[in-house]
Amino acid sequence: MTDNRDAVLRLWGRQLYERQGEPLAWAEAVLEATGRPPASVTAAMSGRLDALADSPSDRARLLFRTVAKLAANLRGDGRYDADVGTRIGPLALWLGQLEPPLTGPLGDALGHPPDGPTSLVTVHAAELSESRTIRVRAIDALLEWAELGHPQARAALSEVASDHRTQDVTVWTKALNRIALFGDASLEPGLLRALADTRHCGVRWSALACAELGFRRAVPLITALLEHPDPMVREGACEALGLFAEDAAVPALTARLNDETDWVRSRAALALGQIGGARALAALWQAMLERRNPKASHLASAIAAFGPLVVDDLIALTTDPDPDLRALACRALGSTADDRALPALERLAAHDLARTTLGGLVATAAKQGLRTAHRIRARTAST
């Protein structure tokens, strides 16, 4: 069975269930089509999966148990296990091949498999104009096909991403989250237009998609989003600018180190670490030394990203009178995993019992730094 054919059958089996108006009746019909006695079907539909214990044949066992499990879940908490659903199609085909007399009843109960990926992709593309529930399901299926390299699925997704004004925001952002699967230069005008629409709920994803595809014309618009009232948008703008490694954004990102929202501050620090350079390092170092926020481990992590360049200065910081700064230096040194850092970390882990503003021991931070360093070094040695 080819990869595409296998994918067709998995998606087909899952969607057979998802599209049922009366899923329990459908499950019962499939169980009956496996050739099991009525008593076994009744027991399985009531949740007794041990009904297979007296089965004379193992060939139908997997399909029977799979569908029975779906029925039991539905009767219990009302939830559907999509992972279980993907097994239905291949199991039904396999059972029909092993026991040809069951092929007809199974086909009548399940519905016959589609010809190939093109037919399913065509159906999913058409479903993008249906109800919201169906649209969301269709976009997920198209993304699966795009991951398999199907050109028609990629074209359908590209059409979705090209104009935010015509799309449900959930469908649109789902597509943009996987923009690397199908995006190309043809999407730049539409994504820039979406990025300029700052009141759109998906503007954060517009910024990240532009960064993922390297559309540098988006940088000024993304930089402006650092002042957006929604912290999620500001955080997304920081992430996008970090992906661009845009040096011109350093001053604006530096201002976000004082953002009122902690995760925006963290993302701004990470972005500065990704951008690198003297200006970004100076901004991070100043923010850490000023101790404007007692929870500043994100600054230590970002400084550690500069690697050997900062190790000597961090070691010097481990002798600072301020226990908060010594603890931050320990966290940063651990993330560098540099040989020079280990003696300083070992010294503080053994002797520094001072407490930070948040109540932790500097020695504890040093021990955490040592664990981090050893973990990184072990991982590096194994690759």
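Sorted by first and then second residue, the ring pair (Phe, Tyr, Trp, His ring centres under 6.0 Å) pairs involving residues 273-308 (not counting sequence neighbours) form an empty list.
No donor-acceptor distance shorter than 3.5 angstrom exists from the side chain of R326 to the backbone of T319, with no hydrogens or angles considered. Judged by distance alone, with hydrogens and angles left aside, the side-chain atoms of R234 form no donor-acceptor pair with the main-chain N or O of L225 at under 3.5 Å. Not one N or O on the side chain of R204 forms a donor-acceptor pair closer than 3.5 Å with the backbone of A237. R36 places no side-chain N or O within donor-acceptor distance of the main-chain N or O of S40, the cut-off being under 3.5 Å. No donor-acceptor distance shorter than 3.5 angstrom exists from the side chain of R216 to the backbone of E246, with no hydrogens or angles considered. The backbone N or O of W263 lies less than 3.5 Å from no partner atom in the side chain of S266, so there is not a single donor-acceptor pair.
C201 contributes atom SG, which lies 10.0 Å from atom CG of D168 (distance to the nearest 0.5 angstrom). Distance check, rounded to the nearest 0.5 Å: CG of L187 to CD of E159 gives 11.0 Å. To the nearest 0.5 Å, atoms OG1 (T318) and CG (D313) are separated by 11.5 Å. Note that the CG atom of D324 and the OG1 atom of T357 stand 3.5 Å from one another [nearest 0.5 Å]. Here the OG1 atom belonging to T42 is positioned 9.0 Å from the CE atom belonging to M45, to the nearest 0.5 angstrom. Distance check, rounded to the nearest 0.5 Å: CG of L176 to CD of Q167 gives 10.5 Å.
Nearest heavy-atom pair across A153 and W145 is CB-CB, 3.6 Å. Annotation for D247 and I275: closest pair CA-CG2, 3.9 Å, computed over non-hydrogen atoms.
The shortest side-chain heavy-atom distance between L191 and L195 does not fall under the 4.5 Å cut-off. Residues C330 and L348 meet the side-chain proximity criterion, which asks for heavy atoms closer than 4.5 Å. Contact annotation: the side chain of L106 approaches that of L63 to within less than 4.5 Å [non-hydrogen atoms, C-beta and beyond]. Put simply, the side chain of R178 reaches to within 4.5 Å of the side chain of L181, judged on heavy atoms.
Residues L309 and L342 fall within the same hydrophobic cluster, defined by Ile, Leu, Val, Met, Phe, Trp and Tyr side chains chained together at heavy-atom separations under 4.5 Å. Cluster membership for L221 and L253, using ILVMFWY side-chain heavy atoms within less than 4.5 angstrom, is shared. Both L345 and L325 sit in one connected hydrophobic cluster of ILVMFWY residues. Membership requires side-chain heavy atoms under 4.5 Å apart, directly or through other members. Linking Ile, Leu, Val, Met, Phe, Trp and Tyr whenever their side-chain heavy atoms come within less than 4.5 Å puts V136 and L157 in one cluster. F215 and L241 fall into different hydrophobic clusters, where Ile, Leu, Val, Met, Phe, Trp and Tyr side chains are chained together by heavy-atom contacts under 4.5 Å.
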Between R132 and T170, does the side-chain hydrogen bond (donor to acceptor under 3.5 Å, both in side chains) criterion hold? Intermediate values first, please. CA-CA 9 Å; R132 185 178 184 277; T170 300; 2.5 Å; yes
Salt bridge (charged side-chain N to carboxylate O under 4.0 Å, His left out), that's the test. Do R377 and D339 meet it? Break it down for me. CA-CA 10 Å; R377 291 160 69 88; D339 288 341; 2.5 Å; yes
For R265 and D259: C-alpha separation, side-chain torsions, deciding distance, then whether salt bridge (charged side-chain N to carboxylate O under 4.0 Å, His left out) applies. CA-CA 6 Å; R265 296 194 297 270; D259 196 277; 5.9 Å; no
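Shown here is E32, whose CD atom has more than 12 heavy atoms of other residues, nucleotides or ligands within 6.0 Å. Other residues, nucleotides and ligands contribute more than 12 heavy atoms inside 6.0 Å of the CZ atom of R347.
R340 and D312 are joined by a salt bridge, as a carboxylate oxygen and a charged side-chain nitrogen come within less than 4.0 angstrom of each other. Ion pair R256/E235 not flagged as a salt bridge, since none of the NZ, NE, NH1 or NH2 atoms sits closer than 4.0 Å to an Asp/Glu carboxylate oxygen. With salt bridges taken as basic N to acidic carboxylate O contacts below 4.0 Å, one links R217 and E188.
With sequence neighbours excluded, the residues that form a ring-ring contact (aromatic ring centres under 6.0 Å, His included) with W172 are H164, H200.
No side-chain donor from either of S129 and R135 sits under 3.5 Å from a side-chain acceptor of the other.
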Please tabulate, for side-chain N and O atoms in residues 360-369, each donor-acceptor pair with protein atoms closer than 3.5 Å (sequence neighbours left out).
from	atom 1	to	atom 2	distance (Å)
Q368	OE1	R331	NH1	2.9
Q368	OE1	R331	NH2	3.4

